[in-house]
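One structure is given below, encoded as structure tokens.
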Number of protein chains: 2
Amino acid sequence: MITREKHDRMANAIRFLSMDAVEKANSGHPGMPMGAADIATVLFTRFLKHDPKNPLWADRDRFVLSAGHGSMLIYSLLYLSGYEDITLDEIKNFRQLGARTAGHPEYGHAAGIETTTGPLGQGIANAVGMALAERILNASYGDDLVDHHTYALVGDGCLMEGISQEAISLAGHLKLNRLIVLWDDNNISIDGPLSISDSTNQRARFEASGWATAAVDGHDPEAIAAAIEKARGSDKPTLIACKTEIGYGSPNKAGSSKVHGSPLGAEEIVSTRQALGWEYAPFEVPSDILDDWRVAALNAAKKRKEWEGRLAAVDADKRAEFERRMAGELPANFEAAILDYKKKLAAETPTVATRKASEMALEVINAALPDTIGGSADLTGSNNTRTKGMTAVEPGKYDGRYIHFGIREHGMAAALNGMALHGGIIPYGGTFLVFTDYCRPSMRLASLMGIRSIFVMTHDSIGLGEDGPTHQPVEHLAALRAIPNHLVFRPADAIETLECWQVAIETRNAPSTLALSRQNLAAQRKGHSDENLSAQGAYELVTASDEAKVSLYASGSEVEIAVAAREMLEREGIPTRVISVPSMELFFKQNDAYRNAIIGDASVKVAVEAGIRMGWDRIVGSDGGFVGMDSFGASGPYKALYEKFGITPANVVAEAKKRLV
Amino acid sequence: MITREKHDRMANAIRFLSMDAVEKANSGHPGMPMGAADIATVLFTRFLKHDPKNPLWADRDRFVLSAGHGSMLIYSLLYLSGYEDITLDEIKNFRQLGARTAGHPEYGHAAGIETTTGPLGQGIANAVGMALAERILNASYGDDLVDHHTYALVGDGCLMEGISQEAISLAGHLKLNRLIVLWDDNNISIDGPLSISDSTNQRARFEASGWATAAVDGHDPEAIAAAIEKARGSDKPTLIACKTEIGYGSPNKAGSSKVHGSPLGAEEIVSTRQALGWEYAPFEVPSDILDDWRVAALNAAKKRKEWEGRLAAVDADKRAEFERRMAGELPANFEAAILDYKKKLAAETPTVATRKASEMALEVINAALPDTIGGSADLTGSNNTRTKGMTAVEPGKYDGRYIHFGIREHGMAAALNGMALHGGIIPYGGTFLVFTDYCRPSMRLASLMGIRSIFVMTHDSIGLGEDGPTHQPVEHLAALRAIPNHLVFRPADAIETLECWQVAIETRNAPSTLALSRQNLAAQRKGHSDENLSAQGAYELVTASDEAKVSLYASGSEVEIAVAAREMLEREGIPTRVISVPSMELFFKQNDAYRNAIIGDASVKVAVEAGIRMGWDRIVGSDGGFVGMDSFGASGPYKALYEKFGITPANVVAEAKKRLV
């Protein structure tokens with residue numbers, strides 16, 4: 001039993017660590033950790049199922065600090081609870097180069113940081129994905145192995161971001177009752193009182209989306225605990241509005257935007273020490289308080305030992321599969337399944353849209369890999385993301401493998417991230433490539449975190465046709481290739497599509513986007529090779545009849561245009577080779593020798609892609625030829641559009657010939 | 001008085017034009033226009049203040065088809081009402097190349113299309129901007145000149161998109177009671193019944209954000225009319241949930257997702273003609289029905305004549321200013337004000353962050369130009385978007401010029417678009433550059449529409465410092481430059497910042513993004529010139545002491561690094577010039593002679609920008625040097641970050657020297 005006095009001192013330890021660290025860094029956000037210290041203390045000391053000494057065990061509760069600017073809150077919690085990654089020295093080094101204690105919580109910097117947060121609204125949407133992953137895995141592995149909660153601590157900013165609505169309405173619809181959102185309801189934003197920009201009744205809003213809600217005094221530990229207890233028994237996700245005072249304890253700055261994002265200042269820190277009766281030096285936590293925190297963590301860790309016992313009792317095969325999945329490894333038969341199918345494709349040379357080829361690849365992948373969970377943002381029949389036998393996850397019924405994400409591209413992308421972060425699942429989700437714009441903040445975070453979220457983006461050019469320029473990506477391939485650590489694939493036929501899927505699945509430390517055509521494409525690859533040529537990013541698809549005078553480079557649906565252009569050039573006696581470029585990122589990661597050989601030394605280089613030129617200069621040079629787009633598209637049948645914008649074999653030939661001496 | 005029978009026939013005219021056009025195109029979405037025909041007929045024949053013969057008059061009601069895939073609804077309405085841009089031939093040419101009747105409604109294709117829609121949720125958020133613009137202009141010009149409604153017709157998809165929450169909560173907060181949203185509540189999405197992905201109580205959700213709501217049978221004209229009438233008298237924005245059957249009238253497909261996005265097929269169209277008693281040939285509208293539509297439009301147009309009378313009675317100066325603003329023209333003294341201030345800057349050579357320089361420029365611009373309305377997504381003090389004397393717009397009080405958009409970047413961007421589209425206002429709004437990712441769908445639409453929305457994006461690099469990689473843009477300059485018809489500015493000092501603002505304000509047919517530094521930058525430009533050098537996109541800032549052996553190219557905060565590197569190289573006897581590149585897009589629009597002269601023929605070319613290389617190859621060549629980023633940033637003090645990532649004069653020198661023979 002934690003007395004009120006003890007609770008207050010434990011919470012004050014968070015407050016002073018936070019304000020001292022921000023003061024020392026002369027940078028950061030003290031107000032949120034000070035205001036939310038009571039909530040966090042109740043959660044960590046009375047409810048959170050975690051084990052600081054084994055922080056990554058599968059069935060731990062997930063805690064997401066969605067209001068990531070309050071990073072000192074989580075660093076304090078992790079230090080106080082005894083996580084080895086966050087030492088007192090790390091806290092003293094807050095926001096300095098190389099510290100684990102970065103300005104915002106960074107996934108991978110320390111165990112206990114379940115996701116990178118900072119861009120507001122992302123954390124709560126990740127938490128929805130985590131809570132969904134938990135229920136899906138529970139459906140496969142039962143309460144003995146998977147039975148935990150996901151807690152998210154959110155601020156007003158998270159709730160104002162549009163993505164939160166997508167997350168909330170999805171979670172409410174799916175009745176994700178293991179999700180508990182603690183709202184740091186402090187009425188303050190950076191510009192001043194929240195009332196200058198918002199007057200939403202948040203409880204009513206959440207209830208409209210099928211949530212249970214409660215409101216408590218966020219400085220009353222018993223009230224907070226009672227609300228969490230009740231939420232844990234709900235058949236709905238729960239929002240607990242915790243009314244707090246930002247910067248709680250600061251006599252002159254609490255409750256104002258002044259304490260949000262700036263150090264309190266030495267003088268005010270002295271006053272706060274006096275006001276809260278905290279007699280200790282900066283960064284000093286008295287040993288009795290530290291002991292209380294460590295004892296709470298030890299108590300929480302008992303649950304892990306019980307779980308280990310249950311795990312040991314599970315059937316060996318099931319246990320091995322569970323452990324494999326949670327470790328993010330692939331089953332032994334995965335590659336063989338891919339190669340078998342690849343041989344079949346080499347024999348059949350189907351003419352299909354790559355979105356269809358993707359579905360065909362997924363039929364194989366989903367059969368070989370129980371880990372995959374698919375979905376679409378209400379474009380299932382267009383994205384071809386649902387394979388045979390995939391049943392849908394439904395409210396309260398989580399044994400399906402397919403998720404109807406609704407018209408929530410951003411929420412979907414963030415939920416995919418949450419599922420990937422949870423572990424045990426390889427998530428993919430689809431929409432049109434142009435709508436990566438909606439997903440982009442989450443796609444960037446997947447890249448920054450280096451997690452295996454897979455984005456299936458169809459209708460990848462003006463080949464989309466009549467829907468017109470609002471639906472036709474033009475700049476999106478370049479814009480996605482611009483994101484560090486993000487693999488962008490644009491396969492040219494069914495074999496390349498399979499190969500790209502293989503790389504996406506096998507790449508554990510980066511997300512992938514597959515850009516797929518609406519329109520049918522002829523098979524380009526002839527014959528079978530076990531080697532995954534797409535994994536090299538680019539390769540010579542068709543050789544020249546003699547020493548090449550022209551090299552043509554293309555991706556996706558334009559490869560067949562390049563191949564047709566090559567035939568025309570060859571007929572005119574101009575030896576021409578064709579390089580397929582399914583992934584620029586992977587190509588530029590190859591060694592110099594490979595890159596130079598593939599780029600080659602033909603005097604004329606022309607790239608073809610139904611997108612903008614940006615990025616291709618690195619291959620063809622700034623004086624090389626390019627056939628593609630330099631404006632938005634238009635509405636019309638797709639063949640008419642390719643003619644209108646001049647993405648034709650004849651134009652590729654013309655671009656090449658005008659460069660021949 | 002329109003009888004029920006007449007109403008039904010008028011609405012059926014929409015239904016058959018829509019299904020016939022989709023059938024002929026063999027592409028499109030018939031279900032929505034068929035389902036929403038009654039709602040639209042009531043709105044256009046009984047309420048909408050418009051004049052098809054003078055479609056652009058300032059005080060018309062704005063109608064936004066947020067569910068843009070139902071484009072045949074608006075094309076039918078415009079044709080039937082007598083808008084000259086939409087002829088019957090245009091309708092027959094639906095979705096064909098060059099037609100005004102594109103797959104989705106395209107702003108600029110025809111009068112009456114107030115905004116481009118299709119990407120869901122954008123239209124309702126544009127409508128919020130329009131309704132806000134109306135109230136702001138009303139505060140200046142009174143009910144005589146500005147007193148109209150904004151209507152948006154939205155579908156389930158619009159309401160599931162996160163941006164709708166940002167729009168709804170902003171509109172509710174600001175009590176934009178001239179905004180009336182008609183929800184085509186048909187329970188169907190592409191993947192099937194809405195219930196597979198959503199169970200939101202939309203009325204409760206809107207009410208939680210301060211809206212009035214009503215629910216009506218969307219096929220009962222009197223009920224629809226009564227609800228609109230009531231909404232027009234409300235002191236809040238109103239949502240009217242209109243329960244409809246998608247594909248209304250189709251005996252076998254109505255009420256199902258089959259009718260959403262595919263032609264009905266010849267057979268079903270015959271059945272629908274029978275079921276609705278429509279005896280006319282495809283594309284035939286009987287003359288009595290067409291007359292009824294035209295009479296309704298003539299009646300509506302009377303309001304314009306009355307308004308013309310009131311306008312004529314207004315004080316000549318006020319009227320001239322109103323007409324200038326609505327025409328989107330600048331006051332005669334604008335350029336002089338800019339040049340005066342530019343002289344002052346040339347004399348003072350201030351060392352300031354460009355975000356501060358932007359505020360200084362805005363002090364001049366906002367004083368010279370009553371048209372500007374500014375705001376920020378809760379980063380006012382960081383974005384420096386609020387100039388002296390700018391008071392905030394408040395709920396029910398619209399005489400301010402500053403908008404606290406709240407933590408709603410996407411909603412802000414779409415609202416800026418709505419204000420620009422409304423006319424009379426030049427809107428700008430700020431956030432951090434990294435959060436352009438949140439705004440991107442709206443920024444793209446601004447570019448596609450060619451409208452003057454101005455995005456003030458500060459903290460434009462790792463120079464942001466301690467907040468770390470989630471807040472540090474790396475790929476964003478490239479990703480924004482990738483968008484066609486979008487001007488991206490990255491000024492190097494206070495004079496360039498002023499020049500970039502001048503171009504942004506003077507460019508009527510494209511949006512602009514200003515990327516601005518957090519950190520202080522020394523003045524680079526020496527002396528005054530009336531000429532706007534930034535308008536050329538790039539120019540020689542510092543000449544070489546002799547024939548240049550090295551050319552350095554840089555933008556923004558890296559210009560001073562390039563200048564320092566030049567000094568080091570010159571000291572070593574290597575003649576070096578520095579090119580400042582405040583806008584790549586504008587530079588590439590210059591003629592060959594200018595571009596070649598600026599790029600120059602120094603054998604060594606090195607670009608410096610604290611972002612990725614993508615895009616710079618076009619200037620320095622694929623073998624040129626580049627000093628910048630090729631990964632995400634990190635958390636730490638900004639000077640330490642510049643060192644860590646090697647963006648230093650010494651590294652620029654090293655890059656240059658290793659290329660010197």
Side-chain angles (χ1 to χ4, degrees), chain A residues 27 95-97 102-104 118-120 157 160-163 165-166 169 173 189-191 196-201 204-205 208-210 378 380 404 406-408 410 437-438 440-441 444 448 466-470 475 478-479 482-484 612 614-615 617-618 621-622 631-632 635-636 640 644, chain B residues 27 95-97 102-104 118-120 157 160-163 165-166 169 173 189-191 196-201 204-205 208-210 378 380 404 406-408 410 437-438 440-441 444 448 466-471 475 478-479 482-484 612 614-615 617-618 621-622 631-632 635-636 640:
Chain A
S27 171
R95 289 189 159 228
Q96 303 312 301
L97 202 51
H104 291 80
L120 295 174
M160 291 174 85
E161 291 287 358
I163 188 175
Q165 181 64 22
E166 301 184 17
S169 59
H173 172 69
S189 75
I190 294 176
D191 275 5
I196 67 173
S197 65
D198 193 45
S199 42
T200 305
N201 179 336
R205 173 189 169 207
S209 286
D378 198 43
T380 295
H404 289 290
I407 301 139
R408 303 183 181 98
H410 199 179
D437 280 353
Y438 279 82
R440 202 167 163 90
R444 181 177 207 256
L448 177 58
E466 290 88 347
D467 273 347
T470 54
E475 71 278 24
I483 303 175
I612 60 166
M614 191 186 267
D617 287 320
R618 195 160 164 204
S622 53
S631 69
F632 291 106
S635 173
K644 173 184 165 66
Chain B
S27 171
R95 290 189 158 228
Q96 303 311 301
L97 202 52
H104 291 80
L120 294 174
M160 289 174 86
E161 291 287 358
I163 188 176
Q165 182 63 23
E166 300 184 19
S169 60
H173 172 70
S189 75
I190 293 176
D191 275 4
I196 67 173
S197 64
D198 194 45
S199 42
T200 305
N201 179 336
R205 173 189 170 205
S209 285
D378 198 43
T380 295
H404 289 290
I407 300 138
R408 304 182 179 99
H410 199 180
D437 279 353
Y438 280 81
R440 202 166 163 91
R444 182 178 208 254
L448 176 58
E466 290 87 347
D467 274 347
T470 54
H471 285 53
E475 72 277 24
I483 303 176
I612 60 166
M614 192 185 269
D617 286 320
R618 198 162 162 203
S622 52
S631 68
F632 291 106
S635 174

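Here the structure is a predicted model, which is why all the values come from computation and not from measurement. Below, chains carry the letters A, B, ... as their sequence lines are ordered, and counting in each starts from 1.
Across B:Ile196 and A:His173, no two heavy atoms sit closer than the pair O-NE2, 3.2 Å. The shortest heavy-atom contact between B:Arg444 and A:Pro469 is NH1-O, 3.0 Å.
Interface remark: B:Thr380 contributes backbone and side-chain atoms alike to the contact with chain A (heavy atom separation under 4.5 Å). With a threshold of 4.5 angstrom between heavy atoms, A:Ser189 approaches chain B through its backbone and through its side chain. The contact between A:Ile612 and chain B is made entirely by side chain atoms (from C-beta outward), counting heavy-atom distances below 4.5 Å.
Between the side chains of B:Asp191 and A:His404, at least one donor N or O sits under 3.5 Å from an acceptor N or O.
Inter-residue side-chain proximity for B:Gln165 and A:Arg205 is flagged as met; some heavy-atom pair is nearer than 4.5 Å. In this structure, the side chains of A:Ser209 and B:Thr200 come closer than 4.5 Å at one or more pairs of heavy atoms. Proximity of A:Glu161 to B:Glu166: side-chain heavy atoms (C-beta onward) are separated by under 4.5 Å at one or more points. When side chains are defined from C-beta on, A:Asp467 counts as touching B:Arg95, because their heavy atoms get closer than 4.5 Å. Side-chain contact between B:Phe632 and A:Ile483 is present, with heavy atoms from C-beta onward closer than 4.5 Å.
When atom types are taken as modelled, the side chain of B:Tyr438 and the backbone of A:Arg440 share no donor-acceptor pair closer than 3.5 angstrom. Counting only distance, with no hydrogens or angles, the side chain of A:Ser635 and the backbone of B:Ala102 share no donor-acceptor pair below 3.5 Å.
Put simply, of B:Ala204, B:Gly157, B:Ala482, B:Gly406, the one with the most heavy-atom pairs under 4.5 Å next to chain A is B:Ala482. The residue among B:Asp378, B:Leu120, B:Leu448, B:Ile190 with the most heavy atom pairs within less than 4.5 Å of chain A is B:Asp378. Looking only at heavy-atom pairs under 4.5 Å with chain A, the residue among B:Gly103, B:Pro484, B:Ser622 that has the most is B:Pro484. Between chain A and the residues B:Arg408, B:Gln96, B:His410, the largest count of heavy-atom pairs under 4.5 Å involves B:Arg408. Chain A forms more heavy-atom pairs under 4.5 Å with one residue of B:Ser169, B:Ala479, B:Pro441 than with any other, namely B:Pro441. Ranked by heavy-atom pairs shorter than 4.5 Å toward chain A, the options B:Ile163, B:Asn201, B:Asp198, B:Asp617 are led by B:Asp198. When each of A:Pro119, A:Gly468, A:Gly210, A:Gly615 is scored by its heavy-atom pairs under 4.5 Å with chain B, the top score falls to A:Pro119. The residue among A:Ala208, A:Ala478, A:Ala640 with the most heavy atom pairs within less than 4.5 Å of chain B is A:Ala208. In terms of heavy-atom pairs under 4.5 angstrom with chain B, the leader among A:Gly636, A:Gly118, A:Ser199 is A:Ser199.
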